[in-house]
There are 4 protein chains.
Amino acid sequence: MKEKIIETSIELFDQKGFKETSVQEIVEAMGVTKGAFYYYYKSKEELLKDICISYIEDLLQQQQHILQNVEKSCTEKLHEIVYMLIRNIKARRKSARIFFREMRHLHEAHLQEIKAKRRAFRENYQKLIEEGIAKGEFKQTHTPHMVTFGILGITNWSYYWFNPDGEISEEQLAEIYVDLILNGIKNQEKK
Amino acid sequence: MKEKIIETSIELFDQKGFKETSVQEIVEAMGVTKGAFYYYYKSKEELLKDICISYIEDLLQQQQHILQNVEKSCTEKLHEIVYMLIRNIKARRKSARIFFREMRHLHEAHLQEIKAKRRAFRENYQKLIEEGIAKGEFKQTHTPHMVTFGILGITNWSYYWFNPDGEISEEQLAEIYVDLILNGIKNQEKK
Amino acid sequence: MKEKIIETSIELFDQKGFKETSVQEIVEAMGVTKGAFYYYYKSKEELLKDICISYIEDLLQQQQHILQNVEKSCTEKLHEIVYMLIRNIKARRKSARIFFREMRHLHEAHLQEIKAKRRAFRENYQKLIEEGIAKGEFKQTHTPHMVTFGILGITNWSYYWFNPDGEISEEQLAEIYVDLILNGIKNQEKK
Amino acid sequence: MKEKIIETSIELFDQKGFKETSVQEIVEAMGVTKGAFYYYYKSKEELLKDICISYIEDLLQQQQHILQNVEKSCTEKLHEIVYMLIRNIKARRKSARIFFREMRHLHEAHLQEIKAKRRAFRENYQKLIEEGIAKGEFKQTHTPHMVTFGILGITNWSYYWFNPDGEISEEQLAEIYVDLILNGIKNQEKK
DNA sequence: GATGAATGAGCGTTCATTCAT
DNA sequence: AATGAATGAACGCTCATTCAT
């Protein structure tokens with residue numbers, strides 16, 4: 001039941017927004033009554049928290065799994081993270097949009113917890129970049145954190161427009177973005 | 001007066017969100033009454049529309065000004081657009097966040113108008129990329145629209161985290177991002 | 001079990017009020033579930049009735065025990081009733097407060113039953129006063145019922161403020177009140 | 001309007017209790033809508049606060065007026081306060097009952113304010129008793145505060161049962177109670 | 001131009017109670 | 001003897017909007 005509430009509300013929160021979706025609408029979509037909702041969740045905000053936490057924790061875990069692999073180069077790991085993020089759009093686009101857009105409706109305590117995890121994801125990303133620099137895979141920069149934000153922007157933004165069922169596949173988009181990140185768009189042959 | 005309503009509500013919409021900001025709060029912050037608000041705007045949504053339209057039109061205009069310059073190369077124009085976007089954060093960050101986050105509260109008609117302008121901005125951007133490819137400044141790609149989205153993601157995302165009064169200046173961030181976009185992060189010397 | 005429900009709910013009803021205490025809270029405080037509650041009581045109101053009935057019946061019984069004693073004078077019996085009421089605060093203050101404050105939540109039928117017993121207590125009290133007058137212990141009055149209400153007010157009111165663990169003991173307060181009732185506060189020596 | 005809300009709700013709060021009276025009922029009794037209520041009061045609790053404050057402040061003021069009179073003896077002042085309290089039942093019985101019964105629904109801050117005034121009333125009363133003792137009008141006691149509580153109990157309790165339109169008039173009840181307080185019920189002639 | 005009073009619809013939440021197991 | 005899930009009705013409150021003045 002809790003699972004069904006989450007599924008239903010992810011759909012609605014993404015379509016209409018957290019504030020714009022009433023508990024009434026959620027339960028109507030499920031064919032139960034408000035009482036049932038409040039039997040499982042003590043507030044609408046708690047439901048949002050569960051959605052957000054579940055999203056970011058899943059992401060963190062996938063990231064850690066990729067980073068732990070000692071046999072892969074930093075370039076390969078970067079590729080895998082980009083691909084993982086793009087691939088996730090299919091299963092998690094709604095959660096992701098809810099995460100970024102509705103997070104502000106969480107209470108301070110929940111917000112802290114979630115921001116900490118979001119920060120962890122970014123810092124892991126940045127450490128990968130720094131390690132790649134140290135190993136000579138990536139070029140030197142004095143602002144690895146800014147570069148990390150830039151790379152994150154590329155994939156995060158795609159949650160707002162990318163259609164995994166369109167003409168460009170997830171694998172293709174991942175390739176395009178890894179190439180953009182690694183090589184940029186400049187015509188090197190001009191050199 | 002209309003101008004003052006806009007200023008006040010941009011502040012509040014950014015801080016608390018569109019739905020979360022009541023007309024009461026807006027007029028209280030201005031020291032007037034609701035009647036005054038409804039004398040100038042026939043609805044809260046119309047005010048949001050004005051904010052969004054004003055934001056995207058200003059952006060479009062700045063972009064057109066850059067693109068019209070026949071003496072600059074595509075690379076230089078790209079640089080200028082990136083810098084313009086980053087520079088805009090200082091003056092327009094709140095409007096930008098409202099634009100992206102609250103747009104969905106607009107009525108269909110307003111939404112169409114705004115999305116058309118947003119599309120125009122993106123298509124201009126894409127044309128610049130394609131022109132750069134044609135001129136040999138940028139390397140060939142079969143998916144210039146995807147690349148454009150990627151480049152847009154880098155700057156758009158920065159509206160959520162970049163602090164123009166922090167240790168990295170706007171010029172510096174623009175440089176970092178132009179370099180990322182043009183050359184990527186790969187250590188070319190390894191070749 | 002029924003006893004435990006009563007104990008727990010007396011505590012809660014006194015602290016927070018009848019309406020303000022949910023069945024959920026009662027059962028949580030006991031470590032059982034709602035089903036258990038409704039196995040023993042068919043409604044929350046019935047529980048309140050039990051508490052109220054138990055309070056007033058106990059009082060009536062104690063009063064009757066005092067009044068039955070043929071060897072004591074009316075003055076002595078008055079003293080004993082006052083002392084009994086004050087002494088009861090320690091063990092029964094919560095019940096008493098619930099009795100007076102929450103009685104109105106009872107259904108008509110229960111209310112009648114309880115009011116009848118409350119009336120009996122008062123009438124017994126009044127009869128004692130009248131008997132004392134007849135015997136010359138108390139002075140003549142045409143309004144023994146009003147006097148009775150006044151005397152009752154003194155002790156009943158103490159349920160709202162008297163702290164049996166404070167510097168004045170129950171015995172002392174009973175003495176003070178019996179003296180007040182019998183002799184008043186006027187300085188008789190002035191005569 | 002505010003006045004009408006107060007009147008209507010005093011009626012209802014006394015009849016049914018604060019918690020048991022819904023805002024809906026109040027506005028229905030007035031023929032307006034909820035919105036109107038919340039235009040004048042920001043919460044139901046604030047309305048209760050106004051009722052309670054108004055009751056106790058009025059009482060305090062009347063008491064002060066009586067106490068200020070330098071030409072009256074303590075006995076006379078006591079008489080006047082008792083009479084004032086009984087007389088108040090007619091106009092203020094409902095407010096008084098709401099005051100005592102519903103006070104606990106007030107927020108801490110409001111509660112403090114109100115309890116301070118209630119304490120002031122009691123302390124003024126006690127000072128009168130003490131002054132009367134000092135002047136030889138009242139007999140010596142080591143517990144003037146307990147005596148004060150006792151005297152207060154007599155009149156306060158009458159708010160729960162006294163019917164000013166019954167066979168005993170307010171003046172008569174005041175006389176009965178002043179006599180009870182001053183002389184007690186003992187038959188002095190027995191001495 | 002602007003106010004102040006009022007509406008009406010909706011929202012998040014609570015809770016006594018029921019009932020199959 | 002007791003549980004756990006669910007109901008349904010009500011409640012306090014918010015708020016965009018209207019409108020006579």
Side-chain angles (χ1 to χ4, degrees), chain A residues 1-2 4-5 9 18-28 30-48 105, chain B residues 1-2 5 9 18-28 30-48 105, chain C residues 1-2 5 18-28 30-48 105, chain D residues 1-2 4-5 18-28 30-48 105:
Chain A
M1 189 71 195
K2 240 181 149 163
K4 203 182 163 197
I5 294 176
S9 59
F18 174 73
K19 270 278 179 181
E20 290 66 33
T21 304
S22 68
V23 174
Q24 191 60 48
E25 282 171 303
I26 296 169
V27 298
E28 254 165 36
M30 297 174 63
V32 294
T33 58
K34 274 187 200 178
F37 178 93
Y38 283 95
Y39 182 75
Y40 294 99
Y41 283 101
K42 54 194 242 289
S43 72
K44 200 177 130 187
E45 189 261 348
E46 201 188 76
L47 166 60
L48 178 60
H105 293 112
Chain B
M1 189 74 193
K2 241 180 146 158
I5 293 177
S9 59
F18 175 72
K19 266 280 180 181
E20 290 67 34
T21 304
S22 66
V23 173
Q24 190 63 252
E25 283 171 303
I26 296 170
V27 298
E28 255 166 36
M30 297 173 62
V32 295
T33 57
K34 276 184 192 175
F37 179 93
Y38 281 95
Y39 181 79
Y40 293 101
Y41 283 101
K42 59 191 240 281
S43 76
K44 202 176 126 185
E45 188 261 349
E46 202 188 73
L47 166 60
L48 178 60
H105 292 112
Chain C
M1 189 73 193
K2 240 181 148 162
I5 294 177
F18 175 72
K19 268 279 180 179
E20 290 67 34
T21 304
S22 66
V23 174
Q24 190 64 252
E25 283 170 302
I26 296 169
V27 298
E28 255 166 35
M30 297 174 61
V32 296
T33 57
K34 277 183 191 176
F37 179 93
Y38 281 95
Y39 181 77
Y40 292 101
Y41 283 102
K42 58 190 241 283
S43 74
K44 200 176 128 186
E45 189 260 349
E46 203 188 71
L47 166 60
L48 177 60
H105 293 111
Chain D
M1 188 75 195
K2 238 178 150 163
K4 203 182 163 195
I5 294 177
F18 174 73
K19 270 278 179 181
E20 291 66 33
T21 304
S22 68
V23 173
Q24 191 60 46
E25 282 171 302
I26 297 169
V27 298
E28 254 165 36
M30 298 174 62
V32 295
T33 57
K34 271 190 207 174
F37 179 93
Y38 283 97
Y39 182 76
Y40 293 99
Y41 283 102
K42 54 196 243 289
S43 74
K44 200 176 131 186
E45 189 261 349
E46 202 188 74
L47 166 61
L48 178 59
H105 293 112

Worksheet item: Atom NZ in K44(C), atom OG in S22(C): separation rounded to 0.5 Å?
Response: 7.0 Å
Worksheet item: Stem ranges for DNA chain E, with three or more consecutive Watson-Crick or G-U pairs under 3.5 Å?
Response: E:2-21 with F:2-21
Worksheet entry | Separation of H105(B) NE2 from E45(B) CD (nearest 0.5 Å) | 10.5 Å
Fill in: Residue A36(B), side-chain heavy atoms: nucleotide from dT3(F), dA2(E), dA6(E) that is nearest
dA2(E)
Fill in: Contact state string [nucleotides 12-21 of chain E, B base, S sugar-phosphate only, - no protein heavy atom under 4.0 Å]
BBBBBBB---
Practice prompt. Look at the side chain of Y39(D) and decide which nucleotide, out of dT3(F), dT7(F), dA5(E), has an atom nearest to it.
Written response: dA5(E)
Item to complete: Please report, rounded to the nearest Å, how far the C1' atom of dA1(F) is from the CE atom of M30(C).
Response: 13 Å
Show the atom names and distances, to 0.1 Å, of all donor-acceptor pairs under 3.5 Å that link a side chain in residues 30-41 of chain C to residues at least two apart or in another chain.
unit_1	atom_1	unit_2	atom_2	d
Y41(C)	OH	D50(C)	OD2	3.2

Worksheet item: What closest approach, in Å, do T21(C) and E25(C) show between heavy atoms, and which atom pair accounts for it?
Response: CA-OE1, 3.4 Å
Fill in: Rounded distance (nearest 0.5 Å) linking atom CZ of F18(B) with atom NZ of K19(A)
13.0 Å
Worksheet item: Can you tell me how far the CG atom of L47(C) sits from the NZ atom of K2(C), to the nearest 0.5 Å?
Response: 9.5 Å
Discussion item. Side chain of V32(A) only, heavy atoms from C-beta on: which candidate in dT7(F), dG4(E), dA1(F) is closest?
Written reply: dT7(F)
Practice prompt. With C1' as the reference atom in both, quote the distance from dT21(F) to dG1(E) in angstrom, rounded to an integer.
Written response: 13 Å
Discussion item. Distance check needed: dT3(E) C1' versus E28(B) CD, whole Å only.
Written reply: 14 Å
Worksheet item: Given that G31(C) and G31(A) both sit by DNA chain F, which one's nearest nucleotide is further toward the 5' end?
Response: G31(C)
